[in-house]
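Read the numbers this way: they start at 1 and go in the same order the structure lists the ligands and their atoms.
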Amino acid sequence: MNDIAVIGTSYVGLTTGVAFADMGNRVVCVDVDEGKIARLKAGKLPIHEPGLHEVVMRSVSAGRLSFSTSYEEGLKRAEFVFIAVGTPDDGTGGADLSQVRAAAQSVAEHMHRPIVVVNKSTVPIGTGDVVTRIINEHRRTSVEFSVVSNPEFLREGSALLDCLQPDRVVLGGPREAAERVAQLYRPLGCPVIITDIRTAEMIKYASNAFLATRISFINEIAAVCERLDADVKEVARGMGLDQRIGPHFLNAGLGFGGSCFPKDVRALMRMATDAGQHPQLLQAVMDINADRRRWVVERLRERLGDLAGKKIALLGVAFKPDTDDVRDAPALTIIRLLRDAGAHVTSYDPEAGEQARRDMPDIDLQPDPYTAVTGADAVVLVTEWKEFRFLDLDRLRRAMSGTTFIDGRNVYDPAEMRSAGFDYLGVARGAGADDSMAGEEIYLDTAVTRSDPV
Ligand code: UDX
């Protein structure tokens, strides 16, 4: 058992703390937000994350997990302190490091024993050196410390699972300290890569930028498919079966949102530009992503004409399913664009209503999908929540005043939607798309193998 302090109780901090506690360590999660800590102590989580609540309760009652606003308390016994605070956009595309700096200073002021400071926040290359400098400046005693970078790759909606079953753990910093951190992850049995601190920091940005690039790539292919009448869903499936390509992050749709991809791609662009390297591919990735939101408005205009006075219903507001997060969510941009065009927009989301209201106080949120679409000229599926797959399509269509249905995530079978009476449009599904054929891979009789002469 190791003693660990985790600074920050949002997605990364809370999930990391809970995962380490579940692996048998003693963890104190520290946050300067008193309200958040009071709610956590009362068993209320600040984020909606499948499975997390149960493990929090289990770890708290086993005495392995506690919450505090006090660095003094958090660092009393800690051998490792993980910094997992926010690094939001600073307004110029760069990362705002004020929370990281403040956390590093507080750690310095409260450490009493040799400690490994592990940075989990996504930070610009070189931040490890900044943290080292701050701790050196502010530590009151000559306590030994090392700084290690350990970027986090968890996704919202599957945070705990991702944390407990990572594809890899990346550690950057002095070898001995990095190896000690590696031991913490040993129970997970996954590959660990140890490198220098700047390289570890870059691995995080490069990974997120690559995934964002895949999404913009398939969205660009979708835009071409749309003009040439090919089905992008089948194109992605055909591509994904090539083992060099793989099937992941090839869903065409309304583009990426969330707290990471847009912010991290922008921050990487900023770092590149500052270093004298023009980030031409990354610029295209962002431009294509912005186009996806406009695509909805253009398609609605094609079908409904002038949007002034039209009622449009959005299904889904969260930036993706299984989360209540609306940061950089396509839905919010689409609502703004539609309102600018004079439309009235209603929406429904199973979890993200409260968060959406914080960002957009006058959002018209309805309690269920059927109420949201009542009297609507068109419906747009923005977030592919599972419950939207099981809608009563007949009831939905009867509640609407029009028949236009734009499926921004290619959830439905076009043939089925058309026979349910919708004027259905998916993302580049081609004129004849029919999902009764999809998923069919025909395995030929192996009597003739590749090595056999033809
Ligand atoms: C991402 C990274 O996956 C994770 O490793 C990192 O730590 C944080 O950023 P997250 O933002 O939680 O995680 O969501 P993710 O599931 O990766 O999806 C990001 C966005 O891309 C969502 O808006 C999603 O709708 C979109 N997306 C994803 C697509 O449009 N198409 C896809 O094929 C996949």
Side-chain angles (χ1 to χ4, degrees), residues 10-13 15-16 19 47-50 52 84 86-88 95 120-123 150-163 165-170 201 203-223 232-233 235-237 239-240 245-268 285-286 288-293 295-296 316-334 349 352 381-386 388 407-411 426-428:
S10 284
Y11 280 98
V12 173
T15 314
T16 303
I47 52 174
H48 169 83
E49 198 53 57
L52 195 60
T87 52
K120 266 218 169 281
S121 304
T122 302
V123 289
N150 171 213
E152 179 53 59
F153 301 98
L154 63 79
R155 288 161 301 176
E156 291 182 22
S158 54
L160 188 59
L161 206 71
D162 289 348
C163 225
Q165 296 172 9
D167 290 343
R168 79 304 205 184
V169 166
V170 173
E201 288 165 346
I203 288 173
K204 169 71 186 190
Y205 280 103
S207 301
N208 273 1
F210 182 72
L211 292 170
T213 302
R214 277 180 74 108
I215 298 169
S216 279
F217 175 84
I218 200 67
N219 279 330
E220 177 143 292
I221 295 294
V232 74
K233 204 166 171 179
V235 170
R237 220 163 61 81
M239 287 170 61
I245 297 174
H248 304 293
F249 283 75
L250 285 180
N251 292 328
L254 302 182
F256 56 81
S259 63
C260 293
F261 284 174
K263 167 177 83 76
D264 293 350
V265 174
R266 275 194 293 263
L268 182 53
V285 167
M286 293 306 287
I288 293 167
N289 201 48
D291 280 352
R292 300 315 299 164
R293 280 110 154 126
W295 175 88
V296 173
V317 180
F319 84 95
K320 68 172 199 176
D322 293 326
T323 176
D324 62 351
D325 199 337
V326 300
R327 283 176 285 178
D328 245 313
L332 296 182
T333 314
I334 293 168
D349 190 284
L381 181 123
V382 181
T383 316
E384 65 276 37
W385 284 96
K386 211 172 258 149
F388 295 150
D407 178 359
R409 298 290 178 181
N410 284 342
V411 165
V427 177

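- For atom 23 (O) of ligand 1, the candidate residues are Ser216, Gly408, Gly257; the nearest heavy-atom contact is made by Gly257.
- Here's the thing with Ser259: none of its N/O atoms is less than 3.5 angstrom from an N/O atom of ligand 1.
- Taking only nitrogen or oxygen atoms, main chain and side chain alike, Lys320 reaches within less than 3.5 Å of ligand 1.
- For a threshold of 3.5 Å applied to N or O pairs, the pair formed by Phe319 and ligand 1 contains at least one separation below that value.
- Among the atoms of Ile215, none of the N or O lies under 3.5 angstrom from an N or O of ligand 1.
- A salt bridge is absent between Arg292 and Glu220: the closest approach of a Lys/Arg side-chain nitrogen to an acidic carboxylate oxygen does not fall below 4.0 angstrom.
- The option with the heavy atom closest to atom 25 (O) of ligand 1, from among Lys263, Arg327, His248, Arg409, is Arg409.
- Using a 4.5 Å heavy-atom threshold, the side chains of Phe153 and Ile203 count as touching.
- Considering only heavy atoms from C-beta on, Pro321 stays 4.5 Å or farther from Glu156 through its side chain.
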Query raised in the report: Between Glu49 and Arg155, is a salt bridge (charged side-chain N to carboxylate O under 4.0 Å, His left out) present by the stated rule, with each step listed?
Result: CA-CA 10 Å; Glu49 198 53 57; Arg155 288 161 301 176; over 6 Å; no

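- By the 3.5 Å distance cut-off applied to N or O atoms, Leu154 is counted among the residues near ligand 1.
- Under the 4.0 angstrom criterion for non-hydrogen atoms, Arg214 is not in contact with ligand 1.
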Query raised in the report: Can Asp328 and Arg266 be said to form a salt bridge (charged side-chain N to carboxylate O under 4.0 Å, His left out), step by step?
Result: CA-CA 13 Å; Asp328 245 313; Arg266 275 194 293 263; 3.4 Å; yes

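- In this model, a donor atom of one side chain and an acceptor atom of the other lie less than 3.5 Å apart for Lys120 and Asn150.
- Here is the list of ligand 1 atoms found below 4.0 Å of a heavy atom in Leu250: 33 (O).
- Considering backbone and side-chain atoms together, Cys260 places no N or O closer than 3.5 Å to any N or O of ligand 1.
- A donor-acceptor contact under 3.5 angstrom links the side chains of Thr323 and Tyr11, judged on distance only.
- Between Glu384 and ligand 1, not a single N/O pair is under 3.5 Å apart.
- Inclusion of Gly258 in the set of residues having an N or O under 3.5 Å from an N or O of ligand 1 is not warranted.
- Of the candidates Phe249, Phe256, Tyr11, the one placing a heavy atom closest to atom 26 (C) of ligand 1 is Phe256.
- The shortest side-chain heavy-atom distance between Asn251 and Asn410 does not fall under the 4.5 Å cut-off.
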